[in-house]
Amino acid sequence: MQNREQWGSKLGFILAASGSAVGIGNIWKFPYIAGENGGAAFTLVYLLCILVVGLTIVIAEFAIGRSTQLSPVGAFEKLAPSSNWKWVGFLGVASAFVILSFYGVVGGWILKYIFVSISGGFEALSSEPDVAKNLFVSFISSTWSPILFQIVFMTLCVYVIVNGVKDGIENWSKIMMPIIIVLLFVLAIRGLTLPGGVEGLKFLFLPRFDELTASAIVLALGHSFFTLSLGMGTMITYGSYLNKKQNLLNSALWVIALDTAIALLAGTAIFTSVFAAGADPDGGPGLIFYILPSIFPQLAYGAIWGTLFFTLLFMAALTSAISILEVVTAYFIDQKGWSRNRATIQFGAIITIVGVFCSFSMGGGINIAEYFGSSFQHYLGETFFDVMDNLSSKYMLPFGGMMTAIFILLRWGVPSFLSEFGGENLDSERNRLVVTILCFIAAGVAGFILLNELIETITGNAIIG
Ligand code: TRP
């Protein structure tokens with residue numbers, strides 16, 4: 001590959017990779033699952049998962065990408081020629097389709113909420129979470145409006161990717177990541193200075209070990225994969241644009257530190273406001289789409305806070321979505337020799353169309369919606385949207401993560417991994433042992449999540465759940 005694109009700087013790479021990691025998972029999902037599962041008790045388990053399993057797989061993916069200078073399918077093929085390992089790469093490309101189809105829909109919802117907030121639309125929802133919920137549900141289950149916003153979101157995503165690795169992904173990550181961090185700081189400080197806001201901090205940071213069930217631990221494990229964008233080759237792809245000079249451990253530590261810090265900051269911003277307003281912290285998935293919109297108008301300059309919040313969430317979603325689309329684009333560039341434009345536009349469009357069906361499955365109001373919503377619900381117990389969500393986060397990602405760790409152990413080999421990771425001087429008996437143990441734990445843990453889900457799906461009872 002003579003002309004492979006490269007990141008422009010170390011900082012640019014770290015911001016792009018953490019841009020992928022920091023997304024809807026950090027700002028929407030982490031706060032509510034931590035809040036529901038024991039606060040700091042959950043956070044402690046989550047941190048442990050990130051440090052032991054997450055860090056190992058992030059580094060493994062970076063190393064596979066950098067050593068081959070190829071995206072997942074090509075990377076596995078190069079390191080394990082004429083074997084079935086390339087299917088792990090294909091699974092990654094498939095996961096990208098699945099995840100981005102519904103992620104793009106949620107991206108559209110967030111975009112819509114920026115406009116609702118700017119135009120003062122939250123005013124009527126003040127202290128009325130039920131009214132806010134009705135508004136949200138009627139919006140997402142309407143036919144065309146969510147699709148329009150989804151298309152705008154996906155178009156922006158395509159626009160960034162078409163501009164390339166350095167001028168597109170890196171450039172936009174360098175602009176958006178600092179804005180996200182600054183806005184979250186402002187919102188967290190705003191929340192802390194509200195009367196009663198400190199209660200929110202206690203809710204998030206005081207451990208309640210009695211609420212930490214076994215299923216919460218499985219949840220923490222699964223979420224550590226999703227939040228770090230692992231298990232589908234995103235980090236392999238981003239790693240493939242790295243040169244040999246970059247220190248992988250150091251970069252990976254930055255990525256997980258930023259990802260975790262932003263999740264905790266988001267939790268602080270959200271729960272301080274929730275407690276100050278006396279709202280329900282157990283809002284679950286609805287926390288940001290109906291509890292918060294009913295709280296913002298109670299604050300002075302509420303429309304501004306609301307707009308800032310949804311803007312930062314939008315940026316976080318966009319930097320993640322581009323990392324997912326890049327996996328598909330890079331596959332068609334590396335393996336099929338397509339141009340970046342052609343791959344991105346063509347597959348951006350196809351994924352958007354799959355996403356349209358996810359959106360229709362929320363209610364939609366036209367015949368096809370009936371099929372994707374209630375028929376899926378009838379046969380699978382969930383809508384097409386949920387199928388795509390669960391298929392990826394419960395099965396495909398843990399499987400991909402498990403295979404990546406097994407690949408290092410059984411095929412690529414710990415010594416080759418170590419020499420990619422840090423050159424000759426790292427390859428000692430002791431380091432081999434440490435890496436072997438970590439990969440073993442990572443594979444075991446990912447395998448366990450997978451098994452647990454499979455058993456639950458088949459028998460209705462999980463081992464843990
Ligand atoms: N990590 C992102 C989030 O927290 C989502 C994401 C981006 C992702 N790329 C991914 C998840 C690849 C799994 C795999 O929202």
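Whatever order the structure lists them in is the order used to number ligands and atoms, beginning at 1. Here the structure is a predicted model, which is why all the values come from computation and not from measurement.
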Give me the ring orientation class for [X] and [Y]: parallel if the planes are under 30° apart, tilted from 30 to 60°, perpendicular past 60°.
| X | Y | value |
| --- | --- | --- |
| His223 | Phe30 | parallel |
| Phe122 | Tyr113 | tilted |
| Phe149 | Phe115 | tilted |
| Trp85 | Phe407 | perpendicular |

Which protein residues have a heavy atom closer than 4.0 Å to any atom of ligand 1, listed by chain and number?
-> Ser20, Ala21, Gly23, Ile24, Gly25, Asn26, Ile99, Tyr103, Phe226, Thr227, Ser229, Met232, Thr234, Ser320, Ser323, Ile324, Leu397
Per side chain to side chain donor-acceptor pair (under 3.5 Å), Ser229 is matched among Ser20, Ser320, Ser323 by Ser20
Using the salt bridge (Lys or Arg N to Asp or Glu O under 4.0 Å) rule, take Glu5 and Lys166 through it: C-alpha gap first, then chi angles, then the decisive distance, then the call.
-> CA-CA 7 Å; Glu5 292 182 80; Lys166 188 160 151 243; over 6 Å; no
